[in-house]
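Notes to accompany the following structure.
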Amino acid sequence: MRFSYLKPRLLHSINTSKLKTTTLHHQSNMNHRAVEQPCLDILQACNTLPKLAQLHTHIIKLGFQNNPLVLTKFTSASSNLDAIPYAMSLVFSVEDARVYDAFLFSTIIRAYAESSQSKHNAIFYYNLMLGYGISPNKYAFPFVLKACAGLRDLNLGKAVHGSLVKFGFDDDIFVQNTMVHMYCCCSGGMEFARKLFDEMPKLDPVTWTAMIGGYARLGQSAGAVGLFRKMQIAGVCPDDVTMVSVLSACTDLGALELGKWIESYIEKERVLKTVELSNALVDMFAKCGDVDKALGLFRNMSKRTIVSWTSVIVGLAMHGRGLEAVSLFEEMKASGMVPEDIAFIGLLSACSHSGLVERGRQYFSEMTRQFGIVPKIEHYGCMVDLLSRAGLVTEALEFVERMPIEPNPIIWRTLISACRVHGELKLGESISKQLIRNEPMHESNYVLLSNIYGKMLDWEKKSKIRVAMGKKGIQKVPGSTMIELDNEIHEFIVGDRSHNQYNEIIKMVNEMGREMKRAGYAPTTTEVFLDIDEEDKEDALSRHSEKLAIAFALLNTPPGSPIRITKNLRVCGDCHSASKFISKIYNREIVMRDRSRFHHFRDGQCSCGDFW
DNA sequence: TGCGAAACAT
């Protein structure tokens, strides 16, 4: 079915003064609810596009297009069917602007604020309403603010804030809560959000959740968890949405113990187990290292959405259990769930992390052929990763050259890593140099080139990179590893000596080094990003945050218990090799989450098969 | 004359 859509921006050309003076048609219908009620009832239940189109005809035939209530319900119905422009073509075919009221406009604004289309449309109709001389009601503002949040436009948000104060709606808690949320979403808006939050006379669970979610989205997960504690102290009862936000902070921190506590809290307090909450739990367990628990929860869910399936597939992929991920994907299709783009990203990354090259290729083509999904840059990225990991560097490069969209720096970096691992050093060097020209302020581009020179054993070039970076004032992301112990998260950052057990930890690190050397470990110094001699390199390696965290765990946890750590970057080659030795020497399972996946070290082996 | 807020998978 085809609809002709009136594009919002064309509406600028409507002469509003003319509209206002035109005679009102069908005046008789305006105030008689009984006449329009059947039409409203049908609109309420309208759930398909053909029905909507039929109603459209009826509305015109009956002259209801001048009835604001009918227009409003038609707009809601269209919005539910993701066909807002269709409603707009009806609404703005009206000849007399006097049928427009604040309720109709707040419905239009809502439709655009909640749609996947440009949030600018919502702002446009807000301004259009003002242009018509219609005073907004307070119900419009949560949606106008939602649009500002979607646009992440702080200045716009501030302007709307000023305007709603002028209309006197700033004492409404719904409006206040949405303002907190809006400021949390805008870049640079956190301080405004926090100020509002701190000054609000009454905080309900929604206010707290908006603020907690704000910290979580910014990656300030520890702050989010801290605020959740304050919420409990304040005696405000968290609800299901609060738990979802807190769980996503746990997931980010890799805080399995806290996550388990939240799960038991949910059970104890009988928090409503929505499908979103179950999904958040599944995701948390998978990303905090207990993928079997995630699978168990997933199996017990009475209702599953595409998000549930994707979470568990991605979880398995991260743990290197690609075959299980693939079979779950097949099970998902068999259950009638239609996979969409994100599910394929999870699936392709599962193939990639488990070396399932042929499967990956098949799924990539099935995605388009069978499901009509146009591959996005992330899908191409997965394929480059898949080919690169498998050592098919030339094919990966050809794949990139044939891509119909511009490759992004992530794809180039994947290729460069592959070049280093598989010995295509000259190629890696030239791609690196090109990438540095395009993206001169990105630290990892230099690290990659430096590692290539390390493998070439070209120390002179390697040290030049460090000088170049210093000159450009490039910010380095320090490696950091987190570990949870007794309801506390300990973070170890390279070069940070502030931990109160620092001296003991260093002693332990040195002891670990001696034991490992006795067992045949040789430090991998080619990746050290410092211009220093070999002995100091070893020293620098032994201070890596991963090793500090493992030493801390060996000192503070019972013998034989598993060690779970979370690293912010990808695990370095030396720490990976050292972890294998440590797992055997100290008889510990080490579960390490790095930026891209999990490594389960056990008895001298890693689940990633040394491929990550 | 009808209406509103916070959350999950890359």
I'd like to check the side chain to side chain donor-acceptor pair (under 3.5 Å) partners of A:T107; sequence neighbours left out, ordered by chain and number. none

Side chain to side chain donor-acceptor pair (under 3.5 Å) against A:R597, all qualifying residues, sequence neighbours excluded: A:H353

Parallel, tilted or perpendicular, judged at 30° and 60°: which one describes the rings of A:F329 and A:Y363? perpendicular

Pairs where residues 310-322 of chain A contributes a residue and the test salt bridge (charged side-chain N to carboxylate O under 4.0 Å, His left out) is met, not counting sequence neighbours: A:D292-A:R321, A:R321-A:E324

I would like to know whether A:M200 and A:T207 meet side-chain contact (heavy atoms from CB on, under 4.5 Å); could you show each step before the answer? CA-CA 9 Å; A:M200 275 171 68; A:T207 332; 3.3 Å; yes

Checking all strands, does A:T310 fall into the base, sugar-phosphate, or nothing category for heavy-atom contacts under 4.0 angstrom? base

Taking the six-membered ring for Trp, are A:Y125 and A:F105 parallel (under 30°), tilted (30 to 60°) or perpendicular (over 60°)? tilted

Candidates B:dT10, B:dG4, B:dA6 - which lies nearest the side chain of A:R110: B:dG4

Taking atom C1' of B:dC8 as reference, at what distance in whole Å does atom CG of A:L297 sit? 14 Å

Do A:D101 side-chain and B:dG2 base share a donor-acceptor contact under 3.5 Å? yes

Within residues 209-232 of chain A, those residues having any heavy atom closer than 4.0 Å to DNA chain B are A:T209, A:R217

Would you mind reading off the distance between A:M182 atom CE and B:dA7 atom P, rounded to a whole angstrom? 14 Å

Atom CG of A:L272 and atom P of B:dA7 are separated, to the nearest Å, by 17 Å

Atom-pair distance (CE on A:M243; P on B:dC8), nearest Å: 15 Å

Check the orientation of A:F92 and A:Y100. Use parallel for under 30°, tilted for 30 to 60°, and perpendicular for over 60°. tilted

Can you list every side chain to side chain donor-acceptor pair (under 3.5 Å) pair that touches residues 309-318 of chain A, not counting sequence neighbours? none

Among residues 138-153 of chain A, which contact DNA chain B at a heavy-atom distance under 4.0 Å? A:K138, A:Y139, A:P142, A:F143, A:K146

Quick one: CG on A:L156 to SG on A:C148, what's the gap to the nearest 0.5 Å? 4.0 Å

Residue-level proximity of residues 280-295 of chain A to DNA chain B when a heavy atom falls under 4.0 Å: A:D283, A:K287

Measure centre to centre between the rings of A:H56 and A:F74, then say whether the value is under 6.0 Å. yes

Touch class at under 4.0 angstrom, heavy-atom based, for A:T72 against every strand present: base

Rounding to a whole Å, what distance do you find between A:Y126:OH and B:dG4:C1'? 15 Å

Check each residue of residues 173-181 of chain A for a non-hydrogen atom within less than 4.0 Å of any atom in DNA chain B, then write out the ones that pass by number, or none. A:F174, A:V175, A:N177, A:T178, A:H181

Which atom pairs, one a donor and one an acceptor, fall under 3.5 Å between side chains of residues 258-265 of chain A and the rest of the protein, sequence neighbours left out?
| residue | atom | partner | partner atom | Å |
| --- | --- | --- | --- | --- |
| A:E263 | OE2 | A:K293 | NZ | 3.2 |
| A:S264 | OG | A:W261 | O | 2.8 |

Go through the steps for A:N177 and A:D204 under the test side-chain hydrogen bond (donor to acceptor under 3.5 Å, both in side chains), then give the verdict. CA-CA 9 Å; A:N177 286 341; A:D204 68 8; 3.2 Å; yes

Euclidean distance, atom CZ of residue A:R595 to atom C1' of B:dT10 [Å, nearest integer]: 13 Å

When the distance from CZ of A:R304 to C1' of B:dA9 is rounded to whole Å, what number comes out? 15 Å

Report all side-chain donor-acceptor pairs from residues 223-250 of chain A shorter than 3.5 Å, counting only partners two or more places apart or in another chain.
| residue | atom | partner | partner atom | Å |
| --- | --- | --- | --- | --- |
| A:D239 | OD1 | A:V241 | N | 3.1 |
| A:D239 | OD1 | A:T242 | N | 3.0 |
| A:D239 | OD1 | A:T242 | OG1 | 2.9 |
| A:T242 | OG1 | A:T209 | OG1 | 2.8 |
| A:T242 | OG1 | A:D239 | N | 3.1 |
| A:S245 | OG | A:V241 | O | 3.3 |
| A:S248 | OG | A:S245 | O | 3.3 |

Per atom distances to the A:V307 side chain, the nearest of B:dA5, B:dC3, B:dA9 is B:dA9

Quiz: residues 282-289 of chain A side-chain donor-acceptor pairs under 3.5 angstrom, not counting sequence neighbours:
| residue | atom | partner | partner atom | Å |
| --- | --- | --- | --- | --- |
| A:D283 | OD1 | A:K287 | NZ | 2.7 |
| A:D283 | OD2 | A:K287 | NZ | 3.2 |

Gap between atoms OH and C1', on A:Y100 and B:dG2 respectively (whole Å): 18 Å

Please tabulate, for the side chains in residues 159-176 of chain A, all donor-acceptor contacts under 3.5 angstrom to protein atoms that are two or more places apart in sequence or on a different chain.
| residue | atom | partner | partner atom | Å |
| --- | --- | --- | --- | --- |
| A:H161 | ND1 | A:Y183 | OH | 2.7 |
| A:S163 | OG | A:Y126 | OH | 2.7 |
| A:D172 | OD1 | A:F174 | N | 2.8 |
| A:D172 | OD1 | A:V175 | N | 3.2 |
| A:D172 | OD2 | A:K138 | NZ | 3.0 |
| A:Q176 | NE2 | A:D170 | O | 2.9 |

Hey, does the side-chain of A:D172 have a donor or acceptor N/O within less than 3.5 Å of a partner on the base of B:dG4? yes

Touch check for A:D341, heavy atoms < 4.0 angstrom, all strands: base, sugar-phosphate only, or nothing? nothing

Give A:E340 one of three labels, base, sugar-phosphate or nothing, depending on what nucleic acid heavy atoms sit under 4.0 Å from its own. base

